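Below is one structure, written out as structure tokens, with a few remarks after it.
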Amino acid sequence: MNSLPHLLIVDDDKEICALLSKFLAQNGYRVSVAHDGKAMMRTLESARIGLIVLDLMLPGTDGLSLCGYLRATSKLPVIMLTAKGDETDRIVGLEMGADDYLPKPFNPRELLARIRAVLRRAGDPAVGPGAGTARVFKFAGWRLDIARRQLFSPTDALVPLRASEFDLLVALVERPQRVLNRDQLLDLSRGRMANVFDRSVDVQISRLRSKIEPDPKEPRLIKTVRSGGYIFAASVAVAGADE
């Protein structure tokens, strides 16, 4: 496993997707593929994506609209691809918030160089809708402050969490009432960084339950789904950090 970001290629050309997926994987990246905007949204909900390679011409919602949405809801880096190479298209793409722009056809090595350059500039981007805002999640009397990375109990006591426990709890509360398997939780909470194994999720869940469940042996917040993974069963509300 490696610590390089998970890339998402959004392009309706399956041959290009296959070619780029293979090439980028050979250079150490994890790669997912989506062929339209709906598939892109589904992937963003289930994986911790570090950068999107986004084609301009897509069926349904076009790449420019998707880029505008991504820029309005996150700091996720975007590199736009297009068969249109004129200056107007390039300027519009950049004005919509793309971090870089590459006309087709292109050399995969150039895309790789641009990906590396954009990631260097971006540092550790906030990913997913709303990731760039100061949020506080509220559930069953608990408060999880994302910006301050703090968890407060129903009695307003600060509950210490390890970094891995905090990241895992964030992944769960961001997706309440939804079954997440170990693979998804690893990806969402740790980005599959160094030496992470599937069973480590179970250990972290056990530790979280010991801190937030009234009875860890009969969990009501983080429930196990047999052969499925885990589900955050509590209702979750989201507020600004100052509320």
Side-chain angles (χ1 to χ4, degrees), residues 1-122 125-129 131 180-184 186-188 190-193:
M1 295 183 186
N2 59 67
S3 60
L4 289 177
H6 186 166
L7 309 180
L8 174 59
I9 301 171
V10 186
D11 197 316
D12 61 336
D13 189 322
K14 295 182 179 180
E15 290 186 7
I16 287 180
C17 287
L19 173 66
L20 293 180
S21 295
K22 181 178 180 179
F23 176 76
L24 293 170
Q26 289 172 341
N27 282 274
Y29 292 92
R30 295 189 65 229
V31 183
S32 292
V33 169
H35 299 306
D36 57 30
K38 291 182 179 179
M40 181 192 82
M41 297 298 187
R42 288 194 297 269
T43 302
L44 289 175
E45 289 177 354
S46 61
R48 187 177 187 273
I49 299 299
L51 179 146
I52 291 184
V53 178
L54 178 63
D55 187 38
L56 178 65
M57 304 298 291
L58 291 169
T61 306
D62 63 81
L64 285 177
S65 298
L66 293 174
C67 183
Y69 168 80
L70 290 167
R71 190 51 64 243
T73 59
S74 76
K75 296 181 181 178
L76 186 61
V78 177
I79 296 177
M80 296 207 70
L81 304 178
T82 180
K84 298 179 178 180
D86 63 65
E87 187 175 9
T88 300
D89 291 314
R90 180 176 64 83
I91 292 172
V92 171
L94 294 172
E95 286 182 342
M96 289 298 291
D99 296 272
D100 206 345
Y101 189 100
L102 191 59
K104 297 177 180 178
F106 56 85
N107 188 319
R109 291 181 180 275
E110 181 178 0
L111 175 61
L112 176 62
R114 288 173 182 260
I115 287 172
R116 289 171 172 167
V118 168
L119 288 172
R120 281 196 301 271
R121 294 198 299 268
V127 296
L180 297 171
N181 61 38
R182 292 182 181 88
D183 235 22
Q184 290 173 313
L186 279 173
D187 201 35
L188 290 165
R190 297 291 298 277
R192 289 192 174 273
M193 296 177 73

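Only a predicted model underlies this, so the values are computations on that prediction, with no experimental measurement involved.
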Contact summary for V31 and A25, nearest pair of heavy atoms: CG2-N, 4.2 Å
Q26 atom CD, over 12 foreign heavy atoms within 6.0 Å: yes
Where R48 and H6 come nearest, the two heavy atoms and their spacing: O-CB, 3.4 Å
Spatial distance of atom CE (M40) from atom CG (D11) [nearest 0.5 Å]: 13.0 Å
Full working for side chain to side chain contact (heavy atoms under 4.5 Å, CB included) between D12 and D36: CA-CA 6 Å; D12 61 336; D36 57 30; over 6 Å; no
Side-chain touch L112/Y29, heavy atoms, less than 4.5 angstrom: yes
Shortest non-hydrogen contact between G50 and P5, atoms and distance: CA-CB, 4.0 Å
Heavy-atom pair of closest approach, residues L54 and G63: CD2-O, 3.4 Å
Chi angles and distances behind the side chain to side chain contact (heavy atoms under 4.5 Å, CB included) call for L64, M57: CA-CA 8 Å; L64 285 177; M57 304 298 291; over 6 Å; no
Atom pair CG (L51) and CD1 (I9), whose distance is rounded to the nearest 0.5 Å: 10.0 Å
Y101 versus R114, closest heavy-atom pair with distance: O-NH1, 3.3 Å
Over all atoms of both residues, closest heavy-atom pair of N107 and R109: OD1-N, 2.8 Å
Salt bridge present between D99 and R71 (N-O < 4.0 angstrom): yes
Side chain to side chain contact (heavy atoms under 4.5 Å, CB included) between I115 and I79, intermediate numbers included: CA-CA 8 Å; I115 287 172; I79 296 177; 3.7 Å; yes
Flag side-chain contact, heavy atom, 4.5 Å: L102 against L111: yes
Any donor-acceptor pair under 3.5 Å from S65 side chain to T61 backbone: no
Distance (rounded to the nearest 0.5 Å) between I16 CD1 and S21 OG: 11.0 Å
Side-chain heavy-atom pair R42, L44 within 4.5 angstrom cut-off: no
Pairwise side-chain contact, I52 with L7, heavy-atom cut-off 4.5 Å (strictly under): no
Side chain to side chain contact (heavy atoms under 4.5 Å, CB included) evaluation trace for L66 with L58: CA-CA 10 Å; L66 293 174; L58 291 169; 3.6 Å; yes
Residues D13, K104: salt bridge by 4.0 Å N-O rule: no
